[in-house]
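This report refers to the structure that appears directly beneath it.
No experiment lies behind these values; they were computed from the predicted model shown. By convention in this document, chain letters (A, B, ...) are assigned in the order of the sequence lines, proteins followed by strands, and residues within each chain are numbered from 1.
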Amino acid sequence: MPSAPIELSLQDGGRVTVAPGSSARQALIAAGLDLADGALLASIDGEVVELDRPLVHGGELKAITFAEPRGAEAYRHTASHVMAQAVKRIYPDAVLAIGPAIEDGFYYDFGLDETIRPDDLPRIEEEMARIVAEDLSLVRRELPASEAKALFESRGESYKVELIEDLGQDVVTIYEQGEFADLCRGPHLSSTGAVAAFKLLSTAGAYWRGDENREMLQRIYGTAFDTPDALEEYIHNREEAEKRDHRRLGPELELFSIRDEIGPGLVIYHPRGAVLRTVIEDYLKQEHARRGYELVISPHIMRKSVWETSGHLDMQYPMYFFEIEGQGYGIKPMNCPAHIAIYKSRTRGHHELPIRYFELGTVYRHERSGVLHGLLRVRGFTQDDAHIFCTMEQAADEIDGAIRFAFEAQRTFGFTEFKIALSTRPDHSVGNEEDWSKATEVLKSALESNGLDYFIDEGEGVFYGPKIDVKLRDAIGRLWQGPTIQFDFNLPRRFEMSYVGPDNSEHTPVMIHRTVLGSMERYMGILIEHYAGAFPAWLAPVQVEILPIADRHVEHAEGLARKLRSRSVRVQVNDERETTGNKIRKAWKMKVPYMIVVGDREVESQSVSVRSLAGRDERGVDLERFTAELLDEIASRRSCEV
RNA sequence: GCCGGCGUAGCUCAAUUGGAAGAGCAUCGCACUUGUAAUGCGAAGGUUGGGGGUUCGAUUCCCUCCGCCGGCUCCA
């Protein structure tokens, strides 16, 4: 405890001095920072301090509000303690597990024989409101581990005891509020009364420590915000996100369906979805060819022995196996072995490298039933898969090219914001340190030379090599798994791949796996949600719908359709006998980007009336002008914001 | 796979304590020939996810299987 006055500097350049032993709250008040502005915590030189803890040293003083991630996190963490306290009051037998803040909210896990059902959440919320009204102080205490253990043992909190044991610390911290005590590192708000707006969202099962061999706990998810309005907005955004759900929009727009009678996790593409997929695939084939990739095609099933060689059998990769005339076969869960087989079909010399094989490879994986999710997690899917075989010296250029390719493609499809992770060597891995560090360096410098921001996910690489994962931020701010680029030090050795080097001896090539989009299924799911089903013209399954006013205009409409089709525009004529209003409504619901109305006036003047999803509404447009603009829009693959 | 919830017409949803399965949209037929987000009338559509049980009687209660949803875990 300092005995001298504590010197604090402020952001605005001011300085204050407070008496030794002053709390952060007192310092903020002394500094004239209004606590009513929503200070939840304070920071000294960037280090978080709770409001009611005495300052141990001086430095730059700042208030932390909800607007800051650290503020929101403490706020929600406190909310999770409030929820846990409420649960303990209602269910005295509930045993506390863990309850952290997460993105957008918090959860708490409980061990409890009695089932907490969604219907019970309002009751828990009422109790939470009571605890907030009680305005209980959160008191932080440091205890010797043995004492803390005794405390939680006496309360029957066996999970907390286990946590303390595993922490292996001499001293642990606990937070108390009223009758409730929790093992917790903090930081927390100073009082339960500070939690202004919260809502419990759902219940779920979760394994203790995420281990499926351990007991199943009951988890309650909730969220909390600093104002009721912010909470309201969050709930509203959730509802909006639901409207974009590809599982709803996909069947509605007649893109695809996943049907019980066909099988779970297996996608059937309806005509419109098949068009969309074909457009994407054509784009990919064209772009790959342009960048020196060679298109290859491999079978859906391969001998079981191949999967022994690859190691998939040993690691019990979730595959489907069966027999043909007594011989074991597996349905391919990936395309690599076939690409390697093509490479190995003859002796390769270093002059040939790099070799880049690309395949739209359809693979099947036995995903467990509980994890299936629309198009995002399926059992059969088609990867835009490529394998690059090269020398370590060539790897830098290859990675650079793959990165440029991936980002150019993502931008073409309308994504402009990314979160990029570089995963480094995990504990259990194959290959030598030199290769790993070289490869990691190659990935790093390629990201940097392309001006891409990334973060390093330490030790999170796959066992066979370092990798780059790209997440895409969609129109409403959500992140989706996108391209990956990975080194593989495993398969080239397992399959005994080689090339003859300039020294006339055999060398093992470097293998790089990479995708540009990921899989057709998942990417279509992401696109549907990103555009809320209203695709840019180049992707739209139907680009133009022609709406004749009356029967006598159908022939003219068909003529226009033929003209547009001859220019490769995807056109449909609605020749049903309905009112024009209804035809517009239907085309609108199917999110057709352009609607063309033709009646007497248009036939007479050889023009069209154009309406677009994007908001255009224009009468008497010259057909040639419309066609030219449309063709330009399609050819440029523009993403118009709808 | 595990925990919890759910499953009624193609879709969205009704059906009192266990007592005759219903509506809107979509579909089909007829009429209407239409000018920018729903024309009118009519018809058809169901072993209430499958199987079993309790009961005089089951959409309703119980068991089981399948599937979906929210999670755990994993990944394209």
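- If you take atom P in C13(B) and the same atom in C62(B), they sit 23 Å apart, rounded to whole Å.
- A donor and an acceptor atom never sit less than 3.5 Å apart when one is taken from the side chain of T580(A) and the other from the base of U34(B).
- Residues forming a salt bridge (charged side-chain N to carboxylate O under 4.0 Å, His left out) with E458(A) (at least two apart in sequence, or on another chain): none.
- Seen from the ring of F405(A), R291(A) counts as a face-on cation partner, given the 6.0 Å and 45° thresholds.
- Note: CG (L266(A)) to P (G67(B)) measures 11 Å, nearest angstrom.
- Residues I116(A) and A550(A) both approach RNA chain B. Their nearest nucleotides, taken by heavy-atom distance, put I116(A) toward the 5′ side.
- Scored by the salt bridge (charged side-chain N to carboxylate O under 4.0 Å, His left out) test, E103(A) finds no partners at all (sequence neighbours excluded).
- Here the separation of G70(B) from G52(B), taken at their P atoms, is 32 Å to the nearest Å.
- Rounded to whole Å, the separation between the P atoms of C68(B) and A26(B) comes to 29 Å.
- For RNA chain B, if you chain together Watson-Crick or G-U pairs that step i with j, i+1 with j-1 and so on, the runs of at least three with distances under 3.5 Å are B:1-7 with B:66-72, B:10-13 with B:22-25, B:27-31 with B:39-43, B:49-53 with B:61-65.
- Between H513(A) and Y464(A), the distance from one ring center to the other falls under 6.0 angstrom.
- No engagement by E576(A) is indicated, since no non-hydrogen atom pair under 4.0 Å with the nucleic acid exists.
- To the nearest whole angstrom, the two C1' atoms, one in G49(B) and one in C6(B), are 12 Å apart.
- Two rings, from W307(A) and Y317(A), have their centers 6.0 Å or more apart.
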Contact string for nucleotides 38-50 of chain B, one letter per nucleotide 5' to 3', B = base within protein heavy-atom range under 4.0 Å, S = sugar-phosphate only, - = neither, reads BS-----------
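- Distance, K586(A) NZ to C25(B) C1': 10 Å, rounded to whole Å.
- Dashed line: the shortest gap from a side-chain N or O of R611(A) to OP1 or OP2 of U36(B) is not under 4.0 Å.
- Distance, E602(A) CD to U36(B) C1': 10 Å, rounded to whole Å.
- C28(B) and A15(B) are spaced 31 Å apart, taking the P atom of each and rounding to whole Å.
- T382(A) comes within contact range of no nucleotide atom at all, as no heavy-atom separation falls under 4.0 Å.
- Aromatic rings of Y523(A) and F413(A) (six-membered ring for Trp) have centroids within the 6.0 Å cut-off, being under it.
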Could you run down nucleotides 68-76 of chain B 5' to 3' and tag each one B, S or - for protein heavy-atom contact under 4.0 Å?
SSBBBBBBB
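- Rounded to whole angstrom, the span from the CD1 atom of I262(A) across to the C1' atom of C66(B) amounts to 15 Å.
- Residues H530(A) and F415(A) place their aromatic rings such that the two centres sit under 6.0 Å apart.
- Comparing the same atom, P, in G22(B) and in A37(B) gives a spacing of 37 Å after rounding to whole Å.
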Nucleotides 7-13 of chain B: protein proximity per nucleotide (B base, S sugar-phosphate only, - neither; heavy atom, under 4.0 Å)
-------
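- Spacing between A43(B) and G57(B) at atom C1', rounded to whole Å, works out to 32 Å.
- Of all the heavy atoms in L266(A) and I258(A), the pair that sits closest is O-CG2, 3.6 Å.
- For E578(A), the salt bridge (charged side-chain N to carboxylate O under 4.0 Å, His left out) partners at least two apart in sequence or on another chain are K586(A).
- For R585(A), the salt bridge (charged side-chain N to carboxylate O under 4.0 Å, His left out) criterion is met by no residue, not counting sequence neighbours.
- If you measure from atom CD1 of I596(A) to atom C1' of G35(B), you get 15 Å, rounded to the nearest angstrom.
- By the side chain to side chain donor-acceptor pair (under 3.5 Å) test, S605(A) is found to be paired with S607(A), residues two or more places apart in sequence or in another chain being considered.
- A58(B) and U16(B) have their C1' atoms separated by 16 Å, given to the nearest Å.
- A straight line from CZ of R214(A) to P of C3(B) spans 17 Å, rounded to a whole angstrom.
- Looking at residues two or more places apart in sequence or on another chain, you find a ring pair (Phe, Tyr, Trp, His ring centres under 6.0 Å) between H366(A) and Y320(A).
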Give the table of side-chain donor-acceptor pairs shorter than 3.5 Å for residues 587-594 of chain A, with sequence neighbours excluded, one pair per line with atom names and distance.
{"from": "K591(A)", "atom 1": "NZ", "to": "A532(A)", "atom 2": "O", "distance (Å)": "2.9"}
{"from": "Y594(A)", "atom 1": "OH", "to": "E633(A)", "atom 2": "OE1", "distance (Å)": "2.5"}

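- Ring geometry, F225(A) versus Y234(A): the interplanar angle falls from 30° to 60°, so the pair is classed tilted.
- Applying the salt bridge (charged side-chain N to carboxylate O under 4.0 Å, His left out) test to every pair with at least one member in residues 512-527 of chain A, sequence neighbours left out, gives these pairs: R277(A)-E521(A).
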